J.: 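Encoded as C-alpha cells, here's the structure I'll be asking about.
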Amino acid sequence: MAAEKNNVWEMTLSRLDATMDLLKIKPGMQKYLRQPRKTLEVSVPIKTDSGSIEIFKGYRVQHNTNRGPAKGGIRYHPDVNLDEIKALAMLMTWKCSLVGLPFGGAKGGVIADPTKLSANELEHITRRYTFEIIDAIGPDKDIPAPDVGTNAQVMAWILDTYSMDKGHSVPGVVTGKPISLGGSQGREDATSRGCVYTILSTLKVMGIDSTDLSVAVQGFGNVGGNAAKILYDLGFKIIAISDVSACLYNKKGLNPFDIEDYFKKNKTLCGYSSAEELPREEIFGLECDILVPAALENQITEKNAGGIKAKIVAEGANAPTTPEADKILKQNSIFVIPDVLANAGGVTVSYFEWVQGNLSYFWTKREVNLKLRDIMERAFYETYKFSSEHKVDMRTAASMLAVSRVAEATSLRGIYP
Ligand code: NAD
C-alpha cells in the first residue's frame, strides 16, 4: 500500500479534488480538470555505441491547453513513469495559471539514466523521441524545456530534429536552449532565482531579518546548485548540500562554488574535504532556518517531516512533499512556499524566451531578471493575500487561485464541437 500512498498522480488528484471542493466547482467541470487532454506513450529504439539495439520508453502528456499552448519540461530518469508525468503535466497547468503565463501544462519523459549513456546515445534517444512526438509539439502547440536529466544541449537536438522535419529552422519549439540558438539570458538559473525571490518575500512578510540565516539544500543540479550559489552570494549561510551521492554539512558554512568545482572534477560530492559527510537523508533533520528541497518528488514524507527544524520550506522541486507530511509541517507552523509558486521562475523565463523569439528581439540579463522578479513578487503577494483573507495555507491558496482561472478559461471556451 505504501507505493500507492506515495503515488504522485493520486496525491496530485487528491489535492486537486480538495481544491475544487473548496471552490465549489461543479461535478462536470471537476471531471474535465482531472483528466489530461492528450497522453502519448512511445518506443524509442537506438543503436548503442557497442552496436546493440536498445529500446527506451518515452511519454509526453498535455494536461490542459485552454489558456494557451502546453508548456513543460522533459525528464530523463530511470524512475520516470506515466503517473509521474501526468502529475507533473497537471502541476504545470496550475503553475502557468498561478503566475499568469498564457500557457497550459505538459510534461515529457524518457525512462533512461543519462549518467550511464554516452553523449552519442543521448543524442540518438533525444532525436528519436522528438520524432515520435513531433506531431504533438510545436511553438503554438506544446513547447518542451529542460527538467531532471536534460539540459540546453538536449533542447538543441530537439530543435534541430524538429526543424529538419519541417524544412526550416523553428527555434520556438523549445525553451531552455543555448543562447547561440535563440535562448534567453538568465534561463539557466531562472528557477533558482525565482525561488530565491519567493524566499526573500517570505522573510519580508514574516518580519525576519535575512542576515545570518542558515540554509540546507537538497539536490545539487540545476535548481539546487544555482539556488545555493545565489543564496550564498546574498550572504546566507549554506550549512548543508546534498545530492544522490551524499550530504555535505558544515555548520560554519559551505562554499557552493567550491563544491561545484569539486563536483565537476569528481562527478560526486563524496570526498569533499571542507565538510562532514552525512547520509543524504539527514539533510531534513538539520538545524537551519530555510530548507530548499530541489531534487525529486516525495522527499518530505510523514517519516521525516516531524524532524524538520527550518522555519521556511521553499519547494524548488516539483511535488517534494507528500500530503501527510504537509499536515505535519502545518502543525509545526512551518511556512511552505509551494512548488507551483517557488519553482515557477523557470517557466517564467521560458515564457520570456518564447516571447523574445517571437519578436526576434532579445533582452539583457538585467532586463530578464527584473521582469522575473516582478512576476514572482506579484504571484507571491497575490497568493499570500489570498491565503490570509481565506485563512488557508499557501499551497491551498496557490491551488485555489490557479485552478479557478483554468476552470474559468475552460468554461468560457466551452466544449468542442
Ligand atoms: P537536475 O537533474 O539538474 O538535478 C537533480 C539533483 O537531485 C541532482 O543533484 C541529483 O543528484 C539530486 N538527487 C536525485 N535524487 C536525490 C536524492 N534521493 N537525494 C538527494 N539528491 C538527489 O534536475 P533539476 O533540473 O535541478 O530539477 C530538480 C527538481 O526541480 C525537479 O523536481 C524538477 O522537476 C524541478 N524543476 C526544475 C526546473 C528547471 O528549470 N530545471 C524548473 C521547475 C522545477
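No experiment lies behind these values; they were computed from the predicted model shown. For ligands, and for the atoms within them, numbers begin at 1 and follow the listed sequence.
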J.: Please tell me if the side chains of Thr150 and Met155 come closer than 4.5 Å, counting only heavy atoms from C-beta onward.
T.: yes
J.: Less than 4.0 angstrom from a charged side-chain N to a carboxylate O is my criterion; do Asp142 and Lys71 meet it?
T.: no
J.: Just so I know, are the side chains of Leu269 and Tyr262 near enough to count as touching, which here means a heavy-atom distance under 4.5 Å?
T.: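 No, their side chains stay 4.5 Å or more apart.
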J.: Under a 4.0 Å heavy-atom cut-off, which residues neighbour ligand 1?
T.: Arg75, Asp147, Val148, Gly149, Arg187, Thr191, Gln218, Gly219, Phe220, Gly221, Asn222, Val223, Ser242, Asp243, Val244, Arg280, Ala294, Ala295, Leu296, Gln299, Gly316, Ala317, Asn318, Asn343
J.: Under a 4.0 Å N-O cut-off, is there an ion pair linking Asp135 with Lys141?
T.: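 Salt bridge absent between Asp135 and Lys141.
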J.: Do Asp393 and Thr396 have a side chain donor and acceptor closer than 3.5 Å?
T.: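 There is such a pair between these side chains.
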J.: Run the ring-ring contact (aromatic ring centres under 6.0 Å, His included) test against Phe352 and tell me which residues pass, sequence neighbours left out.
T.: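 Scan of Phe352 (ring-ring contact (aromatic ring centres under 6.0 Å, His included), adjacent residues dropped) gives Trp363.
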